[in-house]
Each structure stands twice: as C-alpha cells, then as structure tokens.
Amino acid sequence: MLGLMQDRPLTLPHVFHRAEQFFGHKEIVTAGAGGEATSTTVAEWAARVRRLATVLDTLGVSADGRVATFCWNTGRHLELYLAAPCTGRVLHTLNIRLFPEQLVYIANHAEDEVVFVDRSLIPLLAPLADKLTTVRTYVVVDDGADAPIPDGWLDYEELLAAASPHEGRFVVEDENTAAAMCYTSGTTGNPKGVVYSHRSAVLHSLITLTADAFGLSERDVVLPVVPMFHANAWGLPYGCLLAGATMVFPGPNMTPQAIVDMLERHRVTITGGVPTIWMGMLPLAEGRDLSALRQILCGGSAVPRSLSEAYREKVGIPITQAWGMTETSPIATMATPRSHHDALTEDERADIRARQGQPAPFVDIRLVDPDSGEVQPWDDVATGEIQAAGPWIASEYYRGEGGGAQFTDDGWLRTGDVGTGDRYGFVRLVDRTKDLIKSGGEWIGSVELENEIMAHPKVAEAAVIAIPSEKWVERPLACVVVAPGESVTAEEIIEFLTPRVAKWWLPDAVEFIDEVPKTSVGKFSKKTLREKFGGYQVAGPTSHDPA
Ligand code: ADP
C-alpha cells in the first residue's frame, strides 16, 4: 500500500518564493571594502533575482549551463545563488584562493559558460581568461574597487537594469536536477567536482534549521565568515532564506578586525568559520560587546579545545564544532552538547565540545577498520575510517573522475578521516588517513597531538607531520608557532606533553616556524610542511612502552 501524500519535489524555487513572499521585510547587509555597509531588503533582493534570471536567458546560458561565480560573500552573490538553480542552471562557486592552474582545470572541467566576478577580484581572474575554454561571457559585479575592466566584459548592474523580471513562479520539476557544484580543494591529485541536487540542498537546509544543528530561526542575524565558495558557506545562505533570518555578509574585507566590528555592530547571533578565523579574532574580542552571539560555528579542521575554551572565557560562549566535507554538503556531525552532558563538569563538557559530534538526522556514519574491513563498535575505543551515507552525501564525483576508490561497493562515502565514536554517536576524529603517523605499524594521531600542543599557553598554532625514521618508518615532528610576545623552548613543549600523551607519541623534533602554511580554505597545509621538512631523519624512541 502506498502513502497518499502529495509528491511535490524538494526544490530551491520553494526557498526563493517563501523568502520573497513572507520575509520581504528582512534585511540583507553587505560590508564594503572600507567597512561601510549597504543594506537591502529581501524584497529588493528577490526582485533582482527575478531580473537576473532573465539575464541568464539573454546571455544565452544553456538550460543546464554552469554559472560560475568568483566572488566574496555578498548580497549580490546571494542573487546568483538562487537565480542560477531556480532557472535550472548549475551554480558553480569558484574558490578565489586557488592556484591559477587549479582554477583553469576546474572551470574547464565544469564547462563553465559564464563567470560573474567581483571587480576587486578581476586581477586574479583576467590573466586566466585565455585558458578558460568554455567561458563565453564575463560579468563584472562592481564592488567599488578600481581594477581595470577588460574589454568585452559586461557590467552586472547594466544587465540587470535592462532586463525584465522573470514572471510567475520558478519551476524545477525534478528534485534530482543539479543545483550547484563545488570542487574539493584537492589536497591530493586533481580537484574533484561535487554536484549538489535541489533535493540535497533543500534537505540540508532543513537540517540547518534544527535545534541540535545550527538552529537557524527567523530571529537570527547570521554572519557567514566561511566563504560562499567553501561548500556553499556550509549551507548558511539557503538555510537563512528558508528560516527568514537576517543576513550580514562580510564582503571583501575578511580581516579579524572587520569581522569583530560587524559582529558587534549588527548584533550577530550566529556566525561560522574555520578555526583560523577564530584564532585571529580572539585577541580582538576583549572589551567588545558580543552579547548577542549565541552560536560560533566552526569546522573544516579540528577545533582546538583550548580555542573553544578561550572563547567561553572571553566571549561567554564556547565554539560549536561541526564536521563535514564538500562531499557531505557539508553538515555530517555536530557537537552540540546533549542533556546527558549536563551532569558533567565544565572541563568534561569542554572535552565533548572538542569532539566532532553526533551524526545529523539522516546521516549514517560507520567506522570501518581499514585492514579487516570490519565495522567497528561505538565503544569510544575502536577506531576506523569514518564512512558516511545519506541524502546529502555525494554518490560519485562529476564525470565519475578522480575518486572511484572513495566510494565503497555498497555506496558509502569513504571520508578519509579516522575516528572513534561513543554510544551516543559522538564522533572523535583522530586524524585524516593521509596525515596519520604510522610509527612501527601503530598510529599516532596528528590532530590529537596538535590539540595537546596548542593547549600550551605560549603556543599560537601547531601542526604535526610525519618524518622518516629508519627504525619506526615514521615519527612525529611538531611545527610550532609561538604566541606573540612569548618564547618557549622545544624542551618545554615536550615537558608539557609528557603527562598528556603516551611516551611513544612524543614528537622527536620541534621546529619553530613563523606561521603554519594554509590551504585555499584556511586549513593547515601539511603537504607544504612535509615538503619543507622532508629531509629530516630521526631515530625515534627505543620502544613503544607507554610510560
Ligand atoms: P579538503 O578535503 O580538500 O580539505 P573539505 O573542505 O571538504 O576539503 O575538507 C573536508 C575535511 O576537513 C574532512 O575530511 C576532515 O578531514 C576535515 N574536517 C572538517 N571538519 C573537521 C572537524 N570539525 N574536525 C576535524 N577535521 C575536520
């Protein structure tokens, strides 16, 4: 017997029309380069989306053509976020921080037809234009920068002014139609294309509204620091439109000073970004009125416990950790504490917040031993590769390229992360498979070690990588950035770690560096560190004895 409910597709036009009809009075704020903010209403924004839809037609973008953006987080970027998928096209957010060769590869692989580019970013894009073989049109979104505009590149505002608005409702009949795509930053091999569908984007947006995830509501004022090209700003833009939340976009000025100013001025309630952002902002948070903040979302890399605790002490709320990937849309797990954690001490709760968290509803997670292939128990001891399945988890990469091995025969995504999970499903990530240090056949979790080192009050940042050892094959090297105005020795670091980790986990060498190199989305680039310190050789400990 079949259910007798209406079979209506889950598509982004609903998100658009709901916002247009019910939240027209709400605000969308965008900061300019100099910090001055411009504000529009959702009603004005929606009218522009309707015009933009017609512009895509007049530019001759094919029915499912890829509409690329090369933009900061702005209200105008949000126009493209809806106009492309609501007309059946595919939004392709290009990462402005990628190396030129990667950008060329990605734009050509996705077969982008048009690129919308913020004027301040033209100097990064124009030199590549010759190599972008499928792009026919460039449209400049003028953000007030003075970068020269290449001949033949069109003006966004002129196109909008000349266009008549799309009439009536947008219709996308099949919810499995592609809505947006993002490429993984490709820390190994070529970047891989992840293609989101309307259905996955809608379901993922609904999750952002649930209380134990982001808990987005109409009352919220949301500032996504995470770029709109990084896994669709973690679903915040679509989630905000669905909830009717006020949105505040940082625009081109992403300095910690500009972010803290905006958080205070606009009484932001929810913000999100990678740990690097919150590390940079911490010294500036003192004395600021951030009392409206109720959620600082953080993911993309492990959130150091010490960082979260510093926010709790200085700002009044700890950081909420989430774990996911471009391939998981990205919300997979969230570490919002649950009622059974209430009885714990503050210190124990900090340990919970340092975990990656419980799988979101509809996300299935299993931990699989990489050698035996056995699924591991949720006993908080056994570790395994984290595999994920669910309606907003990728089933394959665009054109099936670059990663068949990343999907299991029974259709799960192999995340490349290794962790354990407790009986409540709270996952604790130990490492990425490619970063794990295999000492004498046993694992040392670099992420765990980093967290311990970063808990040292005189350490600003630390990254741990594997270096060669004849006896043990690999041993840990700690690359440490000393906090401003402090000094610390290698011996002090080791002494600090000694009571905290097994003896054979202690790094064999400590290198002091000025800063940890970062990837295009602000994560520690261990690849760069491995290249730099590749020549190291260490003997390692005499044994793996724990004490
Ligand atoms: P890339 O894999 O190219 O870095 P993603 O941005 O998709 O691109 O990164 C996903 C990876 O980031 C995850 O597989 C995981 O290793 C790491 N990651 C994301 N969130 C967390 C977190 N909360 N804690 C630890 N690692 C995280």
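For the single chain, residues carry numbers from 1 onward in sequence order. All ligand and atom numbering here is 1-based and tracks the order in the structure.
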Across all chains, not counting sequence neighbours, the side chain to side chain donor-acceptor pair (under 3.5 Å) partners of His456 are none
Taking side chain to side chain donor-acceptor pair (under 3.5 Å) as the definition, give me every residue that meets it alongside Glu474, ordered by chain and number, with sequence neighbours left out.
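Side chain to side chain donor-acceptor pair (under 3.5 Å) list for Glu474, sorted by chain: empty.
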Where does [X] meet ligand 1, judged by heavy-atom distances below 4.0 Å: at the side chain, the backbone, both, or neither?
{"X": "Ala322", "result": "backbone"}
{"X": "Gln356", "result": "side chain"}
{"X": "Asp417", "result": "side chain"}
{"X": "Ala302", "result": "both"}

Can you confirm whether or not the ring centre of Tyr81 sits under 6.0 Å from the ring centre of Tyr238?
yes
Could you list which atoms of ligand 1 come closer than 4.0 Å to a heavy atom of His230?
6 (O)
What atoms of ligand 1 come closer than 4.0 angstrom to any heavy atom of Gln321?
22 (C), 23 (N), 24 (N)
Phe362, CZ atom: more than 12 neighbouring heavy atoms under 6.0 Å:
no
Compare all side-chain heavy atoms of Val195 with those of Glu396 and state whether any distance is below 4.5 angstrom.
no
Looking only at distances, can you tell me whether any N or O atom of Met325, backbone or side chain, sits closer than 3.5 Å to an N or O atom of ligand 1?
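Among all N and O atoms of Met325, none is under 3.5 Å from an N or O of ligand 1.
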When only distance counts, is Thr184 in polar contact with ligand 1, meaning an N/O pair under 3.5 Å?
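In fact, backbone or side chain, Thr184 has no N or O that close.
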Kindly identify the option in Arg428, Lys523, Arg355, Glu327 whose heavy atom sits closest to atom 5 (P) of ligand 1.
Lys523
Check the orientation of Tyr183 and His109. Use parallel for under 30°, tilted for 30 to 60°, and perpendicular for over 60°.
perpendicular
Against ligand 1, does Gly416 come closer than 4.0 Å with any heavy atom?
no
Is there a donor in the side chain of Thr408 and an acceptor in the side chain of Asp410, or the other way round, less than 3.5 Å apart?
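Asp410 and Thr408 do have a side-chain donor-acceptor pair below 3.5 Å.
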